[in-house]
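Heads up: the structure comes next, in structure tokens.
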There are 2 protein chains.
Amino acid sequence: MDIKEIEKFLKFNQIKPSHHRLKIYEYLVKNKNHPTVDLIYKELVDEIPTLSKTTVYNTLNLFVEKGAVQLITIDESENRYDADMSIHGHFKCKHCGKVYDFPVKFSAMDMGGLQNFQVEENHIYLKGLCNECQIKKEV
Amino acid sequence: MDIKEIEKFLKFNQIKPSHHRLKIYEYLVKNKNHPTVDLIYKELVDEIPTLSKTTVYNTLNLFVEKGAVQLITIDESENRYDADMSIHGHFKCKHCGKVYDFPVKFSAMDMGGLQNFQVEENHIYLKGLCNECQIKKEV
DNA sequence: TAAATATATTGTAGTGATTACAAATCGAAA
DNA sequence: TTTCGATTTGTAATCACTACAATATATTTA
Ligand SMILES: [Mn+2]
Ligand SMILES: [Mn+2]
Ligand SMILES: [Zn+2]
Ligand SMILES: [Zn+2]
């Protein structure tokens, strides 16, 4: 996804593509880490020295509101963001803190008990030890 | 689950069953709402006038640490707690805010992509409109 | 182009949930 | 009853996030 496509995508989602907005969305697309506001700010402030953390908050809230980005509440104290809007699961390693994506067969989640509930968002969060961290511990 | 059973349960999980701890755990078991710290405090402070909010925080952190209670991060700004440790899903209504339980066929979540990851916690959160709130809107 | 208007960004102060910590209280032994 | 460790409390601090007014930037109008 190059900058022209990002611009199109934002416009399509009723978001005026300002320079900061382009850069923040680009960051999310290029780094499929599931960053916090603080991380996004720290990573971009060198390239955009005038960037304010408030702008990062404002921009991400706008993206979520417009449905361009999803809010991930896998952490208990900090919100994370993901440009991948497809239904997929997240695994957070309790040791290294990394958040991994994994595919989800969604048909399986049939919500047996809840008839006539209208689902708008799906969040599937697992926590434990990632492959790499297990190997390190075994040594 | 009566008070004697609760005492046993806490002891089994290496938690000394003080009066406050018993009451807080009892609250979680009897009210299967998925309360925030603030709600638990407000509901119990009449019965236990000396109760401090810090104690509610301390106690819930202890419960989670000992594996007696699970932390639910379905909200983006407040933590919730659940005495039901079985694997089940949570649905939060965006309109009334209520958090419902629903059964989950866990076999379906096979984590295709992530080989050799050790899963310790499962969180399945859905958000949307609950049955009752849909009916109200249709009127 | 220049003035007028709208929109985006910034900085600072405020809020609200959570934690740190030391003092007070409680409770089980000795 | 005294002692000693654990629990509880109250207060201050922290940290993520928001409110808001001032400034800067972009867009429209004349
Ligand atoms: Mn993802
Ligand atoms: Mn539940
Ligand atoms: Zn890891
Ligand atoms: Zn509802």
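Everything quoted here is computed from the prediction, not taken from an experiment. Labels below follow one simple rule: chain letters A, B, ... track the order of the sequence lines, proteins then strands, and each chain is numbered from 1.
- With sequence neighbours excluded, the residues that form a salt bridge (charged side-chain N to carboxylate O under 4.0 Å, His left out) with Asp75(A) are Arg80(A), Lys92(A).
- In this structure Phe91(B) satisfies the ring-ring contact (aromatic ring centres under 6.0 Å, His included) test together with Phe117(A), sequence neighbours excluded.
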Exercise. Using a 4.0 Å heavy-atom cut-off, write out nucleotides 25-30 of chain C from 5' to 3' as B (base contacted by protein), S (sugar-phosphate only) or - (no contact).
Key: ------

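- Val56(B) is connected to Ile15(B) through a chain of hydrophobic side-chain contacts under 4.5 Å among Ile, Leu, Val, Met, Phe, Trp and Tyr, so both are in one cluster.
- Counting only N and O atoms by type, the side chains of Tyr27(B) and Asn33(B) include a donor and acceptor under 3.5 Å apart.
- Once you apply a 4.0 Å limit to the heavy atoms of chain A, the touched nucleotides of DNA chain D run 5' to 3' over dA16(D) to dA19(D).
- In this structure Asn13(A) satisfies the side-chain hydrogen bond (donor to acceptor under 3.5 Å, both in side chains) test with no other residue, sequence neighbours excluded.
- Residues satisfying the ring-ring contact (aromatic ring centres under 6.0 Å, His included) test with His90(A), not counting sequence neighbours, are His34(A), His88(A).
- In this model, the phosphate group of dT9(C) is not approached by any side-chain N or O of Thr50(A) to a distance below 4.0 Å at OP1 or OP2.
- Residues passing the salt bridge (charged side-chain N to carboxylate O under 4.0 Å, His left out) test with Asp38(B), sequence neighbours excluded: Lys42(B), Lys53(B).
- Residues meeting the salt bridge (charged side-chain N to carboxylate O under 4.0 Å, His left out) test with Lys8(B), sequence neighbours left out: none.
- Here Asn61(B) pairs with nothing under the side-chain hydrogen bond (donor to acceptor under 3.5 Å, both in side chains) rule; sequence neighbours left out.
- Counting heavy atoms from C-beta on, the side chains of Asn131(A) and Leu114(B) never come closer than 4.5 Å.
- Nearest approach of Val69(A) to Tyr25(A), heavy atoms of both residues: CG2-CE1, 3.9 Å.
- Considering only residues two or more places apart in sequence or on other chains, Glu7(B) meets the salt bridge (charged side-chain N to carboxylate O under 4.0 Å, His left out) condition with Lys4(B), Lys11(B).
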So which protein N/O to nucleotides 15-21 of chain C N/O distances come out below 3.5 Å?
from, atom 1, to, atom 2, distance (Å)
dT18(C), OP1, Asn79(B), N, 3.0
dT18(C), OP1, Asn79(B), ND2, 3.3
dT18(C), OP2, Tyr57(B), OH, 2.9
dT19(C), OP2, Asn61(B), ND2, 3.2

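- Residues of residues 18-31 of chain A that place a heavy atom closer than 4.0 Å to DNA chain C, in numerical order, are Ser18(A), His20(A), Arg21(A).
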